[in-house]
Amino acid sequence: MVNLTRRTFNVGASSLVLAGLGARSAAAQDVTIVVNGSGGSLAEVIKKLFEDPFTKATGIKVRATAPVSLPKLKAMVESGNVEWDLTELNGDDVARASEAGWLEPIDYALIDPNNVLPEMAKLRDAVVRASYSTVFGYRTDRFGGKAPKSWADFWDVKNFPGPRSLENSPKGNLEFALLAAGVPLDKIYPIDVDKAFAKLDELKDHIPVWWENGAQHVQLLVDGEVNMTSCWNGRISPLKKEGKPVDISWNGGALMLSYLGIPKGAKHPTEAQLFLKYRMDPKASAEFVKIIPYPGFVPGMMELLEPEFVATLPTAPQNAAVQFRFDSGWWAQNLDKVQKRWNDWLLI
Amino acid sequence: MKNRPTTLLLLLPAALLVGLLFVLPILGVLSLSVYGDSGFTLGPIRELVGSRVSLVVLERTFWQALTVSVICVVLGYPAAFFMSGLSTKLRAYLVYLILLPFWISILVRTYTWIIILGREGIINRTLAAFGFSPVQILYTDLAVRIAMVQILLPIVVLTCLASMLDIDKGLVKTARSLGATPTQAFVKVFLPLSLSGAATGGIICFILCLGFYVTPALLGGRRSILISNLIDIQVHQSLNWGFAAALATALLIITLACLALFRLLTRGRTEFSSLGVGR
């Protein structure tokens, strides 16, 4: 094994996986697992690259549902009527779900028998599916050729005038406010909530709309409703390619992880883990990232991609260096209190 | 009321459907406001009373509903009056025109307002063409109000129209032949008789307003959210279902109280008797 390159090793490993899964197909013929995800174009790609080949290899059928919803997971587990066998979860949702006991532990001996997944990707009851960044995007045609370069510029309504938008959630926004106030990247956590809200006060009146979902911030920027907004990195690159006057800055972005987990009391936990294992295939993952630029930590995947393309990903070294790791643990512990304060601050 | 057992039997399927699929789940949700993990609790209700944001939003919901209903009645009543005087054929065309937007989903109609009211929308482009700087209409209370009026106006017009068509036109003619001016005939005969329809339209409008969700979510700013949006925040963002249930209970009580108030105000007034609510 040591003499093999990582790439050949992974190709070899994934065909072993396939062979192993194939052997099980006879037993698993009538099983359908329900995999809950974000829906939309993402679901189509997942179906083509993972679900259909998985069904072909194992006989286990996959039914995809949407959307990702922590309240729904809570309702399922608490009522004992668990429909999902596997669900996507955001980082802080994982922390809350794990603490509340809504997830089954992951059997890493089964999904990662050769122990190649980096530690960063493994939690007790969830596996990293993808990474994405919340960064700021802006209209390149609104500031007379100048480009905002930091959250301090985002807050600077004199040099970069016009309405802005931020997500209707304290998550991420408190961090951005601290960065705008001059706090260095590695000193963000634990968050000084008072300081963050004081900084947000300055910008409050320049934000006519607080976005609720990814489609909305894209629309706000493209329609020219706002000149700058926080946004998810993957949503803006296709627009830029289409020639729309928009761009993003990685500086001060929040690198976030999204996970896959098995709800407590899921009907087919073993088959769900087999599918999880299947999702770790580097070749299919590389194809996936080419379409949806939210890379996971599947070993061997990055080596299959063009370096120029890797440079546009949130986990590319030069991009990762100017961002901070969004601390899901801090948020899981503090969200209730901060959310209440956020609602009072925002809605009155 | 004579064939009581038969009448009840006829009601049974609908009652079962409503009972099992509507009343029971609602009771389940409402009970969340007084039952927590450790049994009976007044926590969520205390939280509701002590929370400034929910009181502010409740008050805003009430005012938004009131202004929208009043505007709808003021705009809808003359339109209905005009239509009631037309020939049946012409009126049918106009009713069709009024129903047309009513059949388009609320979501689509709400999105359309984004195109009209936005910063690069029709209104602001027109203003810009005359050299004015853009005005912020989208993401304000005004935008929400405009869209709500547009969505609810057909209901008010049709309710007013239905009651006007029930009025015996001979009564107005009689008043005129007895020497009343057109204005007198309208104010003393037609208006009182058509008020029940206007009031019903207004009340239906008001109650629908109390539950509006999509429109304030899409067209409103942070200060435009209504009670449904606040419930949504508690369910989806805060996961505070007890508080959400307390808010839902408050909404239900306010709605029922509005109905009761309407009944009280119209008690003994003959013009409302056809509704069955004035007795």
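This one's a predicted model, so the numbers in the text were calculated from it and none came from an experiment. Quick note on labels: first sequence line is chain A, next is B, and so on, each numbered from 1.
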[X], part contacting chain B, at a heavy-atom distance under 4.5 Å:
X	value
A:Lys340	side chain
A:Asp336	side chain
A:Ala75	both
A:Leu335	side chain
A:Gln339	side chain

Inset, instruction - Return yes when atom OH of A:Tyr189 has more than 12 non-hydrogen atoms of other residues, nucleotides or ligands closer than 6.0 Å, and no otherwise. - result: yes
Legend entry - Cationic tip of A:Lys204 above A:Trp345 ring, under 6.0 Å, 45° of axis: yes
Inset, instruction - Please confirm whether A:Lys171 makes a cation-pi placement over A:Phe326, using NZ or CZ under 6.0 Å from the six-membered ring centre and within 45° of the ring normal. - result: no
Could you tell me which portion of [X] (side chain, backbone, both or neither) has an atom closer than 4.5 angstrom to a non-hydrogen atom of chain A?
X	value
B:Glu59	neither
B:Leu218	neither
B:Ile115	neither
B:Ile233	side chain

Inset, instruction - Could you label the plane-to-plane angle of the A:Phe197 and A:Trp342 rings as parallel, tilted or perpendicular, counting under 30° as parallel and over 60° as perpendicular? - result: tilted
Inset, instruction - In sequence, state the C-alpha distance, the side-chain angles, and the governing distance for A:Trp330 and A:Glu175, and then conclude on side chain to side chain donor-acceptor pair (under 3.5 Å). - result: CA-CA 12 Å; A:Trp330 188 91; A:Glu175 287 92 327; over 6 Å; no
Legend entry - Salt bridge A:Lys74-A:Asp93, side-chain N to carboxylate O under 4.0 Å: no
Legend entry - Side-chain donor/acceptor of A:Glu167 to backbone N/O of A:Glu212, under 3.5 Å: no
